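Have a look at the structure below, then the notes.
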2 protein chains.
Amino acid sequence: MYDNKNEYFCFSTNRNRLTKVKINTMNILPDKTVERLSQYRRNLLICDGKGKTHIFSHEIANIHHITPVQVRRDIMLIGYTGTLRKGYNILELIALIGEILDKEDGQRVAIVGAGNLGRAIIQYFHNRRDKLSISAAFDSSPDKIGQEYDGVKIYPIEDIDKIVKEKNITIGIISVPVVAVKATASALVEAGVKGILSYTPRPIDVPENVYLEEYDMITSLEKVAYFAKNIEKI
Amino acid sequence: MYDNKNEYFCFSTNRNRLTKVKINTMNILPDKTVERLSQYRRNLLICDGKGKTHIFSHEIANIHHITPVQVRRDIMLIGYTGTLRKGYNILELIALIGEILDKEDGQRVAIVGAGNLGRAIIQYFHNRRDKLSISAAFDSSPDKIGQEYDGVKIYPIEDIDKIVKEKNITIGIISVPVVAVKATASALVEAGVKGILSYTPRPIDVPENVYLEEYDMITSLEKVAYFAKNIEKI
DNA sequence: GTAAATTTGTTATTTCAATAACAAGTATTA
DNA sequence: TAATACTTGTTATTGAAATAACAAATTTAC
Ligand SMILES: NC(=O)c1ccc[n+]([C@@H]2O[C@H](COP(=O)([O-])OP(=O)(O)OC[C@H]3O[C@@H](n4cnc5c(N)ncnc54)[C@H](O)[C@@H]3O)[C@@H](O)[C@H]2O)c1
Ligand SMILES: NC(=O)c1ccc[n+]([C@@H]2O[C@H](COP(=O)([O-])OP(=O)(O)OC[C@H]3O[C@@H](n4cnc5c(N)ncnc54)[C@H](O)[C@@H]3O)[C@@H](O)[C@H]2O)c1
């Protein structure tokens, strides 16, 4: 599926002249395509649940408020082809997106900070994805250590290195108070995770071989506020 | 500040020939610039708290892992100018970002669904921004109605129209179970909000005059998982 | 059986965002 | 005082993402 297409052409404007350039895609998908694939799968699973077997690009597009071309392009990038006038086979597409997003043996996630946000997240992820599950939580508060939420055990923060290695955890979610963010990130990196998702408002430094995603709800809300107040100009 | 600069040039390639085009920026800032301005302010407030009075573009850049040019360009877009070799006056910059992101009389926010996530959010936003505060929560559960979290009162969902209008609420955050998402979005739109931020995984439809932002934590984590497993290819 | 209507897959173009390049001004150093 | 290093503001260029355009294939309608 993945290897019938390992080169792709695009144009670059070089000294004002258009030049055809051969680039290698199949290595890595565009950022935005990855996000959309996750969203497609989420809703394809619902369609499948309703007994639907095939779906058109414009149906997927409508669900996500994007254009059918966008959908077809994303699907092209992962090397899947639908059937003319029948659309895409939903189960096949779900399976292929799975091959791309998931690792064969899954990836395990640790969450550091089992406070209000941490516990809400543990509950939300509970049993949602086979191949991506929270396998441990860490906290510094004696009240929390040893407890279990939705099957996720809370370990003392001191054991992070040991447990992460033991359980082969590759991803960390950070939801500790801002003062503890820096130490938490270092501990996760030390322990060998390859990806970090931080929900704290404090910027983090990681080495090049760790993928970092930072999300702050206040920034998101301020953005909504800005565009809401200027809505007539959009 | 805002009006000494109401036009801007850029090039467009029209039939393979570069054409100089005059576009109007000051109307609306780029999406990504708005996000960064929120982040700049967040950390400028911290710098100010430490007694720092001026800051260089490369210092801001380091905090946020971006380039100094990016910072200067963003600041240029909002029409602020720093002092050569002294950098930007932190308080002035904070004030100007405030003028842009905030509305003069502030904007009020409602949150619908006071469950695990909803309550965590209420707590997180508590007293963080003068000009953007959660002024009401709505829920359908009799257990929750009438309670108060961090000064935010929980109203019955039936009163949403009345309260939103009464309190002049312009933004809604959705954190209800997926089955209730559609009805919640409609109710918010009906009541007249101009912006919606949804934390549910269910896609929403809104009319053109409402700004919508959807964020799903699972998509975010799946993206981290994808790039973490392919980290050596980035 | 032919024409019209769909729908995919792919290339071409446009739009949006980030980076590079550099002129101009200011402080510092020799 | 002249040269150097620094830092801003802005334009030019490059790069990434989205959209448009369209050929090819298949079904439906007549
Ligand atoms: N509550 C929200 O909805 C929300 C939203 C966005 C961001 N955040 C951010 O997420 C973080 C957590 O928020 P919260 O509301 O859950 O706070 P919280 O205080 O409820 O939870 C923080 C948890 O981290 C634990 N902790 C403290 N220091 C630690 C350390 N060094 N190692 C391990 N665990 C430690 C605490 O014991 C506590 O259980 C904060 O940085 C906050 O800014 C929260
Ligand atoms: N928990 C998380 O961290 C998390 C993360 C991401 C997304 N989400 C999503 O956010 C939503 C809420 O998650 P949660 O964990 O807080 O769930 P929850 O069940 O704890 O809370 C949902 C709340 O909504 C209320 N509610 C139900 N129907 C309602 C209606 N029609 N009108 C108003 N209120 C209503 C319930 O009474 C409850 O208080 C879900 O869609 C979930 O998928 C949750």
Side-chain angles (χ1 to χ4, degrees), chain A residues 4-5 7-25 28-37 54-62 64-89 92-93 234, chain B residues 1 4-5 7-25 27-37 54-62 64-89 92-93 234:
Chain A
N4 61 340
K5 180 155 196 57
E7 59 190 35
Y8 183 70
F9 293 95
C10 82
F11 287 97
S12 134
T13 48
N14 210 328
R15 274 169 270 123
N16 264 349
R17 311 181 73 230
L18 292 178
T19 332
K20 203 170 193 182
V21 182
K22 194 192 286 188
I23 57 172
N24 195 332
T25 49
I28 197 96
L29 294 166
D31 207 87
K32 295 300 167 65
T33 296
V34 172
E35 284 180 17
R36 284 189 298 266
L37 288 173
H54 286 75
I55 192 165
F56 295 127
S57 61
H58 67 259
E59 293 178 295
I60 300 180
N62 285 341
H64 299 281
H65 311 307
I66 56 177
T67 65
V69 193
Q70 182 74 270
V71 174
R72 295 205 296 278
R73 207 170 197 297
D74 287 334
I75 291 177
M76 181 190 84
L77 287 176
I78 62 173
Y80 184 67
T81 66
T83 319
L84 246 169
R85 292 194 59 111
K86 261 188 98 179
Y88 303 95
N89 179 305
E92 282 177 18
L93 192 46
I234 309 177
Chain B
M1 282 283 189
N4 60 339
K5 182 158 193 55
E7 59 191 33
Y8 182 70
F9 293 95
C10 81
F11 287 96
S12 135
T13 48
N14 211 329
R15 274 170 269 123
N16 264 349
R17 310 182 73 232
L18 292 177
T19 333
K20 204 170 192 181
V21 182
K22 194 192 285 189
I23 57 174
N24 194 333
T25 50
N27 274 332
I28 196 97
L29 294 166
D31 207 88
K32 294 301 166 66
T33 296
V34 173
E35 285 179 17
R36 283 189 297 266
L37 288 173
H54 286 76
I55 193 165
F56 295 126
S57 60
H58 68 260
E59 293 178 294
I60 300 180
N62 285 341
H64 300 282
H65 310 309
I66 56 177
T67 64
V69 192
Q70 182 74 270
V71 174
R72 294 205 297 276
R73 207 169 197 295
D74 287 334
I75 291 177
M76 181 190 84
L77 287 176
I78 64 174
Y80 183 66
T81 65
T83 319
L84 246 170
R85 292 192 59 111
K86 262 189 97 177
Y88 303 96
N89 180 305
E92 282 177 18
L93 192 46
I234 309 177

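Just so it is clear, the model here is predicted, and its values are computed rather than measured. Convention: sequence-line order gives letters A, B, ...; per-chain numbering from 1.
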Taking N or O atoms only and anything under 3.5 Å, show me the protein contacts with nucleotides 16-18 of chain D, one pair per line.
{"unit_1": "D:dA18", "atom_1": "OP1", "unit_2": "A:Arg36", "atom_2": "NH1", "d": "3.3"}
{"unit_1": "D:dA18", "atom_1": "OP2", "unit_2": "A:Arg36", "atom_2": "NH1", "d": "2.9"}
{"unit_1": "D:dA18", "atom_1": "OP2", "unit_2": "A:Arg36", "atom_2": "NH2", "d": "3.0"}

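A:Thr83 places none of its side-chain heavy atoms less than 4.5 Å from the side chain of A:Asn89.
One atom, CE of A:Met76, and another, P of C:dG9, lie 10 Å apart when rounded to the nearest Å. As a whole-Å value, the separation of A:Leu77 CG from C:dT11 C1' is 13 Å. The interatomic distance linking B:Phe56 (CZ) with D:dG9 (C1') rounds to 16 Å, in whole Å. Rounding to whole angstrom units, CD of residue B:Glu35 and C1' of C:dC16 are separated by 14 Å.
Residues that satisfy the salt bridge (charged side-chain N to carboxylate O under 4.0 Å, His left out) test with B:Arg36, not counting sequence neighbours, are B:Asp74. Listed by chain and residue number, A:Thr33, A:Leu77 satisfy the side-chain contact (heavy atoms from CB on, under 4.5 Å) test with A:Pro30 (two or more places apart in sequence, or in another chain). A:His64 pairs by the side-chain contact (heavy atoms from CB on, under 4.5 Å) definition with A:Gln39, A:Tyr40, A:Asn43, A:Ile60, A:Ile66, not counting sequence neighbours. Not counting sequence neighbours, the partners of B:Asp31 by the side chain to side chain donor-acceptor pair (under 3.5 Å) test are A:Lys223. Taking the side chain to side chain donor-acceptor pair (under 3.5 Å) definition, one finds that A:His58 meets it with nothing, sequence neighbours left out. Every side-chain contact (heavy atoms from CB on, under 4.5 Å) that A:Thr67 has, sequence neighbours left out, goes to A:Val69, A:Gln70.
Without hydrogens or angle criteria, B:Glu59 side chain to B:Phe56 main chain gives a donor-acceptor distance under 3.5 Å.
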### Task
Encode nucleotides 21-30 of chain D as B, S and - characters from 5' to 3', where the letter depends on protein heavy atoms closer than 4.0 Å: B to the base, S only to sugar-phosphate, - to neither.
B---BBB---
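For the pair A:Ser57 and C:dT8, the criterion of a side-chain N or O lying under 4.0 Å from OP1 or OP2 is met.
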